[in-house]
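These notes are about the structure you will find just below.
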Protein chains: 2
Amino acid sequence: MSGVWVMGRSGSGEAGMSDEALEMIAGRFRLLAEPMRLRLLQALQGGERTVGDLVEVTGATQANVSKHLGMLYDAGIVARRKEGLNSYYRIADSSIFDLCDLVCTSLGEKLAAQHEVMRGLGRK
Amino acid sequence: MSGVWVMGRSGSGEAGMSDEALEMIAGRFRLLAEPMRLRLLQALQGGERTVGDLVEVTGATQANVSKHLGMLYDAGIVARRKEGLNSYYRIADSSIFDLCDLVCTSLGEKLAAQHEVMRGLGRK
DNA sequence: AAACCATATCACCATATAGTTATCCGGTCA
DNA sequence: TGACCGGATAACTATATGGTGATATGGTTT
């Protein structure tokens, strides 16, 4: 409803948003387009975690976890705090959970609708 | 705020959402992680369009546009209506615009913050 | 029917990226 | 100091995917 997305269109009446803007938006979506990263974010929803914690929770290798965290960090989605040997990661942009909620709701409605169709077939 | 995303966590206290659920969510994000598809959706925001219309608007090849539209169609994000030689596409799940708005807002805030940092450096 | 048109699909190539292994780096502790 | 530990990074492989040109499909027009 904020209209930032819509604004790009209304401005020039036809042109749409710039290539760079679309690329940025797509890039943000791309970061969330990976189950492992979603799992990491979900784990961080419970509060600050070390890389080791996240390795344990996800069952992934340390290198893989570290790489994904690095990507999320570069994008500013998570923040990092180093203490002794450990790196503590935490959510820096909680709006991503709103995104996930929206997607979940949308998918849930779609599945419910499909289920209803099947039920309709059943009782013919 | 709906809490669908959060629910997965609160349920078992630690396990998180299932792999399939995360895969579905990631898949939805993956669809939006492409500038060309975002451009198509943006064009469709103005109402129903034929493939030819979208080819003209985006400047992409017909095959490419058709392929992307097919993906969005399979995911239920757009709907299709065939009339004569033409296929008319339209938005079927408008919640994607809410997603785009959220991302735009988040990115905008991030850029504004960075800009502020630079300004701070400027006037030292 | 034949020519034509809009769209969908196929086969292909080029590129991007997730995962793995090995290694490096910095800090801690004996 | 040297052994050890957590984490980051590099090199590599395998796979997924976007773009393209060619072709198939289904409907229209003459």
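Nothing here was measured: the structure is a model prediction, and the numbers come from that model. Residue numbers start from 1 in every chain, and the chains themselves are labelled A, B, ... in the order their sequence lines are given, proteins ahead of strands.
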Would one find a side-chain N or O of [X] under 4.0 angstrom from OP1 or OP2 of [N]?
| X | N | result |
| --- | --- | --- |
| A/Ser66 | D/dG7 | no |
| B/Ser87 | C/dA8 | yes |
| A/Tyr89 | D/dA8 | yes |
| B/Arg37 | D/dG18 | yes |
| A/Tyr73 | D/dG7 | no |
| B/Arg80 | C/dT7 | no |

I need the [atom1]-[atom2] distance between [X] and [N], as an integer number of Å.
| X | N | atom1 | atom2 | result |
| --- | --- | --- | --- | --- |
| A/Leu40 | C/dG19 | CG | P | 10 Å |
| A/Phe29 | D/dT17 | CZ | C1' | 19 Å |
| A/Arg30 | C/dA16 | CZ | C1' | 9 Å |
| B/Leu54 | C/dA6 | CG | C1' | 13 Å |
| A/Arg81 | D/dA8 | CZ | P | 13 Å |
| A/His68 | C/dA18 | NE2 | P | 6 Å |
| A/Tyr88 | D/dA8 | OH | P | 13 Å |
| A/Leu69 | D/dG7 | CG | P | 10 Å |

Is it the case that A/Thr50 and A/Asp53 place a side-chain donor and acceptor less than 3.5 Å from each other?
-> yes
No-hydrogen, no-angle side-chain donor-acceptor test under 3.5 Å, B/Gln45 and A/Trp5 = yes
B/Arg81 charged N/C atom sitting above B/Tyr88 aromatic ring, 6.0 Å / 45° | yes
Between B/Arg80 and B/Tyr89, is NZ or CZ placed under 6.0 angstrom from the six-membered ring centre and within 45° of the ring axis?
-> no
How would you label the contact of B/Gln62 with the nucleic acid (heavy atoms, under 4.0 Å): base, sugar-phosphate, or nothing?
->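 Base, at least one base atom sits under 4.0 Å.
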Taking the side chain of [X] as heavy atoms from C-beta outward, which of [options] is closest to it?
| X | options | answer |
| --- | --- | --- |
| B/Ala63 | C/dT9, D/dG19, C/dT7 | C/dT9 |
| B/Leu85 | D/dG26, D/dA8, C/dG19 | D/dG26 |
| A/Thr50 | D/dT20, C/dA22, D/dG7 | D/dG7 |

Is there a donor-acceptor pair closer than 3.5 Å between any side-chain N or O of B/Thr105 and the backbone N or O of B/Asp101?
-> yes
A/Gly84 or A/Met71, whichever maps to the more 5' nucleotide of DNA chain C |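 Per heavy-atom nearest nucleotide, the more 5' residue is A/Met71.
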Which sits closer to the 5' end of DNA chain C, A/Asn64 or B/Lys82, going by the nucleotide each is nearest to?
-> B/Lys82
With a 4.0 Å cut-off, would you call B/Glu56 and B/Arg49 a salt bridge?
-> no
Determine whether any donor atom in the side chain of B/Lys67 lies under 3.5 Å from an acceptor atom in the base of D/dG19, or the reverse, and answer yes or no.
->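 Side chain to base: pair present.
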